[in-house]
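Right, one structure below, let's go through it.
All of these numbers come straight from a predicted model, not from anything done at the bench.
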Amino acid sequence: MSKKKRKSTENNNKGGGGGGGGDQNRQHRTSSDDFLSPGPVSMSPHDIDDGYMMGEKKKKAQRTKNSNDAIPHKDSDDRVFFDASKTSTYFEDVENSFKVDVIDEPSSAYAPKHSKNLTWSDVIRDGFKTVTPEDCAHWLFFPYSTHVFQSRIFERKCFVRKQSETSKSGYEDLLTSEDIERWLKEKKLTYGTNVDVTSYKDGVRRTHNANDGFSNVSKNADYETVAKRFEEDGCSVRVLHPQRWSDKLWALLSNLENFWQSPTGCNAYWTPANSQGFAPHWDDIDAFVLQIEGRKRWRLYPTRDVSEKFPRFSSEEFSEEERKRLEEMKYVEVILEPGDVMYMPRGTIHEAFCITSEDNDDGKKDEASLHLTISVNQRNTFADILEHVFSDALADAVNTNVELRRCPPRDFLRHLSRLDETDVNFLNSKKLLERCCNVVVENMMKNNVFAGSVEKLLGNLMRERVRPPKAHTRLTKASLGAKPSMSSKIGLVQKNCASLEDCDDGVVRLRTYINNDRKLHMEGASANILDADAYREASSCLKIDPEIEGDDLDALATVLYANYEDGVEVKDLPFDTDEEKMAFARRLIDTNAFCVL
């Protein structure tokens, strides 16, 4: 559990390469033909010869065939990872494989599975109090089942669900343009933090984050100024994180975060008729677009190159020249009307226009558009995990394996720089570098060195998630005032709502999002509301020094990792006396992450 205990385990697992014992196994090296020793066993030099070079491709193919690494990995939703046979189909031929599914909404699907006799209009008006996270997610991508969406749609292609004529329920109960006007009048929106006023005209994107007579972007947005720019200048209004003021959006995002196990954000875009607020671009999130008011024409472009597939960061807005080149590609146009939903995988190049008069061939009047974009999976990739994991893994491997601290052959870098697959010295140096990398990875997997990085990443998740409404927890009127007894059961107030982090100061912290400030959701330290250290500490609700409070740490782990439905009886906590058990139970309840079941 503690870092000290984990380090002790790692030391016990060291080979002869650690400590002073490894020095006696060093061999004098005269060239890059020598190879890294994994410990007391040295490898023979001159491992590469002409025969090796001639048969390398055949041997490599055989190793790949026999390796478990060549077997694709499937998750519980049948998403396939590392399938070499599918790479060209899904990721390389980006333009020809670009697809957008447009489906009509079956009216029978417009009801949550786990809420009898309720329509989604009822659920929205009730503020998402009675539905599960799975229901909320399914609401976004039905008629697909979760399994079908995850395995066949998610990350693969866009889809649009058109509202059926038999289902008149839009999303006006979630948010309206009147809500935005009210927030502006109440001076709740601050330029650059909660609201942006933008325009895109003649190929130029501009930001107008200043009130008339002011240039300071930190000022609260003035309603009269914003209204003038919206109505007279054709500027769009983007409201960032409206869940701060909308209880229904707060409850919706709380449920979606439980489903995706990832911070989930939301922005609102209010665009006047016959205008466009943003240039073409891609975002670093998977997006669900909910059209609330008016109509908007979206243009979706295929990824230009495989290097831009699933980007980790949003793009700059495209220039007019880049936009013209996009128009030469096989793009797709769709029109969203109130009640429609569109899913865009991360990295989809897109732009949106509030419907123009020439598009209104059905005689409908031009009107402003309002849509919500719900965002998931920002900074949630294998690459983001590996950045943390490899940093710790390298540090640990260097500390435990003396070979990694030796000087490389004198000509090592020069030989590597040649990039000549027919050169023996290049191949020898490349193999030596590969051996170094393998030592790091093997040490990481053998000793579970990634555990500390995983704890930090889970701690980040606890800090970034929104505090759930009480209706989404196991807190009841009875449990709120309940005092534990020896026969009481203690458990988490919400599944997966807390995690342990073994911190650099030697203290183990219990992290939870239950106490997070709703106003900081998706903003945090970046909004200058808290400094970085205070923001990091805000999610800590319990500190334990494992050297002094070892029994407390064991008791915490017992309750934290217990079956969620059952919890743990106070009498079963691993303490010697009833007084200690009762005191620790009260300590857990005081964190707000646990309650009496």
Side-chain angles (χ1 to χ4, degrees), residues 91 94 98 100 154-158 191-200 203-209 217 235-243 253 256-257 260 262-271 276-290 296 298-323 325-326 329 331-332 342-353 371-388 457 460-461 464-465 521-528:
F91 305 128
V94 289
F98 182 63
V100 178
F154 179 63
E155 293 186 323
R156 292 193 178 185
K157 56 184 175 181
C158 302
Y191 285 127
T193 300
N194 317 118
V195 65
D196 290 314
V197 180
T198 68
S199 65
Y200 180 67
V204 180
R205 156 78 158 81
R206 293 183 175 88
T207 301
H208 309 272
N209 283 354
V217 296
C235 292
S236 293
V237 178
R238 174 173 62 182
V239 179
L240 292 81
H241 320 313
Q243 66 270 22
L253 296 191
L256 291 176
E257 286 189 335
W260 293 103
S262 167
T264 302
C266 177
N267 289 338
Y269 297 82
W270 188 25
T271 308
Q276 180 174 353
F278 296 88
H281 64 282
W282 73 65
D283 294 312
D284 58 351
I285 46 92
D286 290 285
F288 292 90
V289 177
L290 282 62
K296 213 161 198 178
W298 290 76
R299 185 173 288 180
L300 309 174
Y301 300 95
T303 306
R304 298 176 299 180
D305 185 80
V306 69
S307 63
E308 295 176 353
K309 196 76 173 176
F310 308 141
R312 296 174 62 203
F313 305 98
S314 296
S315 71
E316 298 290 336
E317 296 194 74
F318 287 21
S319 66
E320 184 65 10
E321 291 73 18
E322 289 174 312
R323 185 175 185 273
R325 287 195 291 271
L326 286 176
M329 303 177 71
Y331 62 83
V332 175
M342 178 171 65
Y343 163 72
M344 292 188 295
R346 176 164 39 93
T348 302
I349 302 172
H350 61 277
E351 60 179 323
F353 319 78
H371 77 263
L372 279 171
T373 295
I374 295 174
S375 60
V376 299
N377 293 318
Q378 187 177 46
R379 310 288 188 275
N380 186 31
T381 68
F382 284 122
D384 294 284
I385 296 172
L386 293 177
E387 273 189 346
H388 289 80
L457 289 169
N460 291 339
L461 180 60
E464 294 168 5
R465 286 188 55 176
H521 185 229
M522 302 303 290
E523 293 183 6
S526 62
N528 296 320

> Any donor-acceptor pair under 3.5 Å linking the side chain of Arg346 with the backbone of Phe310?
Replying inline: yes
> If you take all heavy atoms of Glu257 and Glu464, which pair is closest and at what distance?
Replying inline: OE2-O, 4.3 Å
>> Parallel, tilted or perpendicular, judged at 30° and 60°: which one describes the rings of Phe278 and Tyr269?
In response: perpendicular
> Taking only residues two or more places apart in sequence or in another chain, which ones pass side chain to side chain contact (heavy atoms under 4.5 Å, CB included) with Ile385?
Replying inline: Val389, Leu457
> Listed by chain and number, what are the side chain to side chain donor-acceptor pair (under 3.5 Å) partners of Glu316, not counting sequence neighbours?
Replying inline: none
>> Would you compute the distance between atom OG of Ser375 and atom CG of Leu253 and round it to the nearest 0.5 angstrom?
In response: 8.0 Å
> Is there a side-chain contact between Ile349 and Phe318 (heavy atoms, below 4.5 Å)?
Replying inline: yes
> What residues form a salt bridge (Lys or Arg N to Asp or Glu O under 4.0 Å) with Asp284, not counting sequence neighbours?
Replying inline: Arg379
>> Suppose we screen for side chain to side chain donor-acceptor pair (under 3.5 Å). Which residues come up paired with Asn380, at least two apart in sequence or across chains?
In response: Asn377
> What residues form a side chain to side chain donor-acceptor pair (under 3.5 Å) with Thr381, not counting sequence neighbours?
Replying inline: Asp384
> So Phe288 and Tyr343, would you call those rings parallel, tilted or perpendicular, with 30° and 60° as cut-offs?
Replying inline: tilted
>> Could you report the tightest heavy-atom contact between Glu155 and Pro345, atom names first, then the distance?
In response: CA-CB, 4.0 Å
> By side chain to side chain contact (heavy atoms under 4.5 Å, CB included), which residues pair with Glu351, not counting sequence neighbours?
Replying inline: Gln276, Pro280, Arg299, Tyr301, Arg323, Phe353
> Is there side-chain contact between Lys296 and Met342, with at least one heavy-atom pair below 4.5 Å?
Replying inline: no
>> Determine whether Asp283 and His350 satisfy the following criterion, side chain to side chain contact (heavy atoms under 4.5 Å, CB included), listing intermediate values before the conclusion.
In response: CA-CA 9 Å; Asp283 294 312; His350 61 277; 3.1 Å; yes
>> Among residues at least two apart in sequence or on other chains, which ones pass side chain to side chain contact (heavy atoms under 4.5 Å, CB included) with Asn194?
In response: Leu189, Thr190, Arg244, Trp245, Glu523
>> His388: which residues meet the ring-ring contact (aromatic ring centres under 6.0 Å, His included) condition with it, sequence neighbours left out?
In response: none
>> For a quick test of reading the model, state the closest non-hydrogen atom pair linking Trp282 to Ser315 and the distance between them.
In response: N-OG, 2.9 Å
> What residues, two or more places apart in sequence or in another chain, satisfy salt bridge (Lys or Arg N to Asp or Glu O under 4.0 Å) together with Glu387?
Replying inline: Arg312
> Looking only at heavy atoms, what is the nearest atom pair of Arg205 and Gly277, with distance?
Replying inline: CD-O, 3.5 Å
> Roughly how far, to the nearest 0.5 Å, is NZ of Lys309 from OG1 of Thr303?
Replying inline: 4.0 Å
>> I'd like to know if the side chain of Thr264 and the backbone of Ser262 have a donor-acceptor N/O pair within less than 3.5 Å.
In response: yes
> Does Asp286 have any salt bridge (Lys or Arg N to Asp or Glu O under 4.0 Å) partners at least two apart in sequence or in another chain, and if so, which?
Replying inline: none
> Given Met522 and Gln378, is the side chain to side chain contact (heavy atoms under 4.5 Å, CB included) satisfied, shown in steps?
Replying inline: CA-CA 11 Å; Met522 302 303 290; Gln378 187 177 46; 4.2 Å; yes
> By side chain to side chain donor-acceptor pair (under 3.5 Å), which residues pair with His208, not counting sequence neighbours?
Replying inline: Ser199
>> Run the side chain to side chain contact (heavy atoms under 4.5 Å, CB included) test against Ser236 and tell me which residues pass, sequence neighbours left out.
In response: Thr198, Thr271, Pro272
> What is the distance from atom CG of Asn209 to atom OH of Tyr191, rounded to the nearest 0.5 Å?
Replying inline: 6.5 Å
